[in-house]
Amino acid sequence: MIIVQEQDFDLQAEYSALREDSPAIGAIVTFTGLMRDFNQGDDVQSLFLEHYAGMTEKVLEKICAQARDRWSIQQIRLIHRVGELRPSDQIVFVGVSSAHRGDAFAACEFIMDFLKTQAPFWKREQTRDGDRWVDARQSDADAARRWQKD
Amino acid sequence: MIIVQEQDFDLQAEYSALREDSPAIGAIVTFTGLMRDFNQGDDVQSLFLEHYAGMTEKVLEKICAQARDRWSIQQIRLIHRVGELRPSDQIVFVGVSSAHRGDAFAACEFIMDFLKTQAPFWKREQTRDGDRWVDARQSDADAARRWQKD
Amino acid sequence: MINLLFFARLRDDLDCQQESLALPEEVTNVGQLRDLLCQRGDKWQQALNMPGLFVAVNQEVCDWNAELSGGEEVAFFPPVTGG
Amino acid sequence: MINLLFFARLRDDLDCQQESLALPEEVTNVGQLRDLLCQRGDKWQQALNMPGLFVAVNQEVCDWNAELSGGEEVAFFPPVTGG
């Protein structure tokens, strides 16, 4: 399940959907990304998240399919918000269930690392000194590169 | 926060406690371990979790302290249940908040890998053919060994 | 005709979100399309040479050799920053 | 006097959860304590030689050279299986 939406999401509802799926599940890993009040050295008042509708969903589907190919996974739930956000707001959720914890941890982190570097979302921050587009981070590119197989 | 208890726990309450802590948090990773209905080739009807009261808490404190030394973490919440459990029951929760996702993922998985190999809990399963103590897994020992620094 | 899309900083810099363009006969790949757009002046030249610029044809990221035959949706955008 | 504790499969095998024991003078480490207990018979000999047996002194896992001076809590247990 992959959703791009303006509304907030409810971790408990996502977790329940993962958990109630099957008694063969032994591990559920969730990642939630929150808006920080500080970035690139400045206080941030709000954030606007833009995306390339249509392409975003395709890229996220592809990343999740790659995770399924690589690890033994029961279910994936992925939600990414767009539009206006405030500090402490939830931005993104990735939940993965599996029989074993190693698969759930790896798949969840893999999905986030590739979402960060491949999914067409862009953040514009509002600071006291005006608006600015957030710069891509080298650390995100490095994180995605770790998953390359030899 | 480290708790060993018989009662069930509420993921939403733990997540809220992690999230409301500070607007500097950018990432929350949670792991939940659930009881599977199948293990070592047999259907499992129920599980009894025994522990070494006192020592358990000390070991878990030490594992969390090691995680804090190694990664930049805001908060850790860890709950492990003991006593009688049924298939699909929640067994263990580890939640980690951090400014960045890499730290939160690594610390959460590190804590689980060492909890599995060092914390004095023991599982006794009830199957159709009677009770049995669960065997330790080589895969858990291997998972913990991955974290050794060169 | 191809459908051009520009996102985020690129859209702001070019003051252009979407444009329909008749493809000249000699333009057969996205690299040539970029060169054509750069001829519009400094603003375009600068924006379409930003570090890490992505191009996607029909919503799939591709390299500058990707072929165009007309009818495609071609999107230019800066490095992504979601999550 | 030391306080002996046995957990899980080990407690079942020995049919003993807890025991207070006066430490003979010649027993000064946990390895010697194990040898002493093994002299009680086959059941003890077998249980205290199980693969991966742990020993903890005052709730801290240690090796068989760990010293004992009396007053300690010494726990024997099989490999852990929580989580």
Side-chain angles (χ1 to χ4, degrees), chain A residues 4 31-36 39-40 47-63 78-83 85 90-94 108-125 130-141 143-144, chain C residues 1-21 23 29-31 33-34 37 42-83:
Chain A
V4 179
F31 171 83
T32 315
L34 303 168
M35 184 185 155
R36 292 162 61 207
N39 192 30
Q40 295 177 216
L47 187 72
F48 187 85
L49 252 157
E50 173 179 336
H51 80 304
Y52 182 174
M55 178 169 168
T56 310
E57 290 81 353
K58 281 185 194 170
V59 170
L60 296 177
E61 290 283 2
K62 197 171 163 187
I63 294 169
L78 196 171
I79 303 174
H80 201 297
R81 292 178 70 191
V82 291
L85 296 171
Q90 301 184 123
I91 301 174
V92 56
F93 171 85
V94 180
C108 190
E109 192 168 13
F110 172 93
I111 290 167
M112 273 310 301
D113 286 346
F114 281 92
L115 182 156
K116 278 270 182 188
T117 51
Q118 297 189 346
F121 294 101
W122 300 274
K123 286 179 182 145
R124 197 180 67 230
E125 290 176 340
D131 282 14
R132 67 178 180 204
W133 290 99
V134 172
D135 291 327
R137 289 170 189 272
Q138 184 57 41
S139 60
D140 287 327
Chain C
M1 298 288 282
I2 57 166
N3 189 29
L4 285 177
L5 298 172
F6 304 95
F7 288 95
R9 183 180 302 184
L10 205 63
R11 182 199 49 238
D12 288 358
D13 290 351
L14 296 173
D15 201 17
C16 176
Q17 175 165 9
Q18 187 272 336
E19 178 184 340
S20 291
L21 184 76
L23 213 57
N29 67 37
V30 287
L33 172 63
R34 177 165 74 163
L37 295 171
D42 281 0
K43 189 174 73 175
W44 290 80
Q45 172 79 30
Q46 209 177 327
L48 294 178
N49 282 289
M50 69 157 55
L53 180 76
F54 280 82
V55 61
V57 174
N58 293 334
Q59 307 192 347
E60 202 146 326
V61 168
C62 54
D63 64 29
W64 299 106
N65 296 317
E67 287 182 18
L68 294 175
S69 57
E72 286 92 354
E73 175 174 296
V74 181
F76 293 93
F77 50 83
V80 301
T81 57

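Computed from a prediction, not measured in an experiment: that's the story for all the values here.
Across A:F31, A:F48, A:W122, the residue that shares the most heavy-atom pairs under 4.5 angstrom with chain C is A:W122. Of the listed residues A:E50, A:R132, A:H51, the one with more heavy-atom pairs under 4.5 angstrom with chain C than any other is A:E50.
Using a 4.5 Å cut-off between heavy atoms, A:K116 contacts chain C through both its backbone and its side chain. When heavy atoms are compared at a cutoff of 4.5 Å, C:N58 approaches chain A solely by way of its backbone atoms N, CA, C and O. If you measure heavy-atom distances from A:D135 to chain C, the contacts under 4.5 Å come from both the backbone and the side chain.
The only option from C:N29, C:V30, C:L33 that meets the side-chain contact (heavy atoms from CB on, under 4.5 Å) definition with C:W64 turns out to be C:V30.
The backbone N or O of A:G54 sits less than 3.5 Å from a side-chain atom of A:E57, completing a donor-acceptor pair. In this structure, C:E72 contributes its side chain and C:G70 its backbone to a donor-acceptor pair below 3.5 Å.
Note that CG of C:L53 is 7.0 Å distant from CZ of C:F76, once rounded to the nearest 0.5 Å. To the nearest 0.5 Å, the span separating CD1 on A:I63 from CD1 on A:I111 amounts to 8.0 Å.
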